[in-house]
Amino acid sequence: MANLDSRIPPGPLADKWRKHKADIKLVNPANKRKYEVIVVGAGLAGSSAASSLADMGYRVKSIVFHDSPRRAHSIAAQGGINAAKNYQNDGDSVHRLFYDTIKGGDYRAREANVHRLAEVSVNIIDQCVAQGVPFAREYGGLLANRSFGGAQVSRTFYARGQTGQQLLLGAYSALSRTVGQGLVELITQHEMVDLVVVDGHAKGVITRDLVTGQLHRHAADAVILATGGYGNVFNLSTYARGSNTTAIWRAYKRGACFGNPCYTQIHPTCIPVSGDYQSKLTLMSESLRNDGRIWVPKRKEDCGKDPNTIPDEDRDYFLERIYPSFGNLAPRDVSSRAAKRMCDEGRGVGETGLGVYLDFSHAIKRLGEAGVRERYGNLFDIYHEITNENAYRTPMRIYPAVHYTMGGLWVDYNLMSNVPGLFVLGEANFSDHGANRLGASALMQGLADGYFVIPYTIGDYLAGQKPGSRPSTDAPAFRQAEENVASQVARLLGAKGREPVNHYHRRLGQLMWTHCGMARTRAGLEQAIQEIGALREEFWRNVSVPGSAGSLNQALERAGRVADFIELGELMCRDALTREESCGGHFREEHQYPDGECKRDDTNFAHVAAWEFQGEGKVPLRNVEPLHYEAVKMSVRSYK
Amino acid sequence: MVASTSSKLISVTLRVWRQEGPAAEGRFVEYKAANLNPNMSLLEMLDVVNDDLERRGEDPIAFAHDCREGICGTCSLMIDGKPHGPHRGVASCQTYMRSFEDGAVITLEPFRARPFPVQKDLICDRSAFDRIQQAGGFITARAGSACDANAIPVPKGAADLAMDAAQCIGCGACVAACKNSSAMLFVAAKVSHLGLLPQGQAERDRRVLGMVSTMDEAGFGNCSNQYECSAACPKLISHDFIARMNRDYLAASVRSVFQAESQAAGGGA
Ligand SMILES: Cc1cc2nc3c(=O)[nH]c(=O)nc-3n(C[C@H](O)[C@H](O)[C@H](O)COP(=O)(O)OP(=O)(O)OC[C@H]3O[C@@H](n4cnc5c(N)ncnc54)[C@H](O)[C@@H]3O)c2cc1C
Ligand code: SF4
Ligand code: FES
């Protein structure tokens, strides 16, 4: 049984963070230099953490598998970042952002963490502007805002359609500065392939140099994982091709609990699948829903027609119809499922019938084509490149796709996992979004964790570790971990089977999408667990990984990642199977209201499921952290 | 998944640069890719070719890629001699097979420039760009020290122009396109982005001097005003930024000679 003490500070919700910061143990400035911290990952969460810790005086090693920290997947975020600045004077506040996020997460997130997130959100914008992030501005020179799904105020800051890029480049510039100053050692093109645990504490990692193939041991006083989400378990997703679960999965196998693995977000506005060669799905930012209207034909017979010839009265603007108060800005899970229902009714559009229209003709009438171009030009360009269609003339076709994983390694209020010394930040942890994440809140969380939370909370752990007590890389745990990795590599290369790695990734993805995607059933999940087990066995027997261990070998990189995805897929199905309710992105067909909305079971499932590895081939243990709501009342989430 | 297209399938021949490692000799190898959906991306076509190679136990073609939507700057192919291929304003990953005729011969090489040594096949090492950033591509703002974000208004025009420059994805196509392997467009984009903002003024001189000298040390060549760089740039970063950087550099050099600096290095009392 893992020890899941959430360490939520006592006292009123709004005072917890302030009080915790005052009570937390500090590391004396002269001692900071004696501690070394490994930060794996340099997306928003990792690079903000690495530079902040370095500025405080810690010695930091930043490790990424990319060839530069600037390539992290955060770069692809389009729409924006939330903050409770209330610059629009429209009634926003820390409490409202907190409430929206808790409600958006369908009452499956920790109140204390979410409140802290809302509190520090305002500092993030200050920090980013100071770094030179070129946010959109009004003519008066002040910052501009837009609205995002699940909120009735305008609190989203953005930089054209490239907010993630600009925020990451800001964090990357801070990281670059600290590297240039010699405060951070930057190690690129190295993949963390194992966590080293010494006497129950995380004290290092093993990496594989992706250029030479060499394995390296790194010792530290604490390890931070900021390695992003695991949505590529579905093969097709809006993630970058290289995003993977290896770092957190291998940490799981070393004892870190995996929180709510089945909570995945399916984003409603992505470009539909066009063929079986497809390698990724492209997101059309949710911000488009500010001005675009989503519809399908009222009659099945009209689905094949040129949409411009279908008059307004024959169109079903289904989000506006079903959710009049939120309309096209209903949250993601709600909008995705509604689109799926329309297509299930046979009213989907496009060649595959798996698509709905996102129409800008009204916006163009209102704002002019130039006005729409100013707001969304680059998104229209992306759409054109991929589909060869002009969305200023005909409506876009969109369909839901896997986009984000709310689940991740379990962490306490200090963002420390149940393995002491192992901290997890950003999308890699499970902490702030419950069962569904609101748009523009992941960027907020990544930067909150890195700039404003970990700099305080890591001290609480390190203060208890004697300076200079970090183990040597000759310790048996390091040798054992390295041997473990080497033998896995040898097994993959030695299989010499008949199918390429992608073949297995594709099959896993299909299984996951069918049985653990937008709608899940007991029978489907049970079947998926069986089939994934068989797929795993076949993978290890029949995968073909050419080349050697001692060189740049992309097939080998992919093989290791897919091996981990297969195991994770099984855990996700198990988690989805045991969560006998529907909440947020987790929709069990057995648990719904007559109108198709999620039916939560707060009596039995108002908790975090934190899965604990029990050894190869053994069923993992499901630990539970109960969720207590003091400031908000759990209610049926309604956007009607 | 659903395979569907009304478009006619095409077949192409690839001439691909294969090079086992940094020190190995490279050569072109031919591959056939048949029955391709024209809506597939060039990189997806490479995936299909690689799946076939792997199925036969042969080493797949190594190529750099990640986001596959033109924003991470990882992909870096010379396609028929052009960085990022035939179209303006897109990255390699945004090149689709419909850009090629049925039966075409497509030549694929890595970006070629002395400061970007080949690691394997189509992958080159662009870490020199990171080193240039480390030499000044930042505004120093420690977490916790910032003032309110609206305390310093930034005129919309300046913010928009800064954003134009800030869009650089760090791919290196500008270098690959330049006969001198100059990195001026990349450096100018960063210098301009930060220099256009009020927050970037304090370090403006140090920034441009530091970045330019690191660029020179890394072995990038001089700019001879041919502007192949902006033509190849996937974000169409304007070469006007190079002129802006040159002015900044000149002014900073002059100031560094004539401006008195406090002798009390390191802060005094
Ligand atoms: C297309 C798209 C659009 C989005 N738009 C928005 C938006 O508008 N607003 C919003 O709030 N959120 C958005 N999101 C979500 C958001 O971008 C991500 O959740 C967030 O950026 C994740 O940041 P991160 O720092 O946790 O991880 P990442 O940015 O994914 O970084 C992961 C890092 O870990 C490294 N890494 C991973 N594994 C290893 C390993 N084993 N060894 C070494 N290094 C490793 C990588 O090299 C990388 O540096 C979007 C997501 C997508 C896919
Ligand atoms: S300036 Fe353009 S071509 Fe050069 S690195 Fe930046 S995006 Fe690439
Ligand atoms: S793969 Fe990211 S820009 Fe091409």
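Just so you know, these numbers come straight off a predicted model, no measurement behind them. In what follows, every chain begins at residue 1, and chains take the letters A, B, ... in the order their sequences are listed.
Here the closest non-hydrogen pair linking Q554(A) and I61(B) is OE1-O, 4.0 Å.
When the heavy atoms of residues 93-100 of chain B are compared with those of chain A, the residues falling under 4.5 Å are Q94(B), Y96(B), R98(B), listed by number. Residues from residues 131-140 of chain B that place a non-hydrogen atom less than 4.5 Å from a non-hydrogen atom of chain A comprise Q133(B), Q134(B), G137(B), F138(B), I139(B), T140(B), given in numerical order.
Listed for the D66(B) side chain is a donor-acceptor partner under 3.5 Å among the backbone atoms of G242(A).
Heavy atoms closer than 4.5 Å to chain A are found nowhere in E20(B), neither backbone nor side chain. Both the backbone and the side chain of D160(B) come within contact range of chain A, with heavy atoms under 4.5 Å apart. Contacts between H193(B) and chain A at a heavy-atom distance below 4.5 Å involve the side chain alone, from C-beta outward. Heavy atoms of L43(B) lying under 4.5 Å from chain A are absent altogether.
For F116(B), the ring pair (Phe, Tyr, Trp, His ring centres under 6.0 Å) partners are F129(B), F220(B), not counting sequence neighbours. Residues satisfying the ring pair (Phe, Tyr, Trp, His ring centres under 6.0 Å) criterion with H66(A), sequence neighbours excluded, are absent altogether.
Distance CZ/R241(A) to SG/C72(B): 13.0 Å, rounded to 0.5 Å.
Salt-bridge check for D47(B) with R558(A): failed, with every basic side-chain N at 4.0 Å or more from each acidic carboxylate O.
If you run side chain to side chain contact (heavy atoms under 4.5 Å, CB included) between R55(B) and each of P500(A), S544(A), P546(A), only P500(A) comes through.
Within a 6.0 Å sphere centred on CD of E499(A), heavy atoms belonging to other residues, nucleotides or ligands number more than 12.
Between chain A and the residues N150(B), L197(B), T74(B), D52(B), the largest count of heavy-atom pairs under 4.5 Å involves N150(B).
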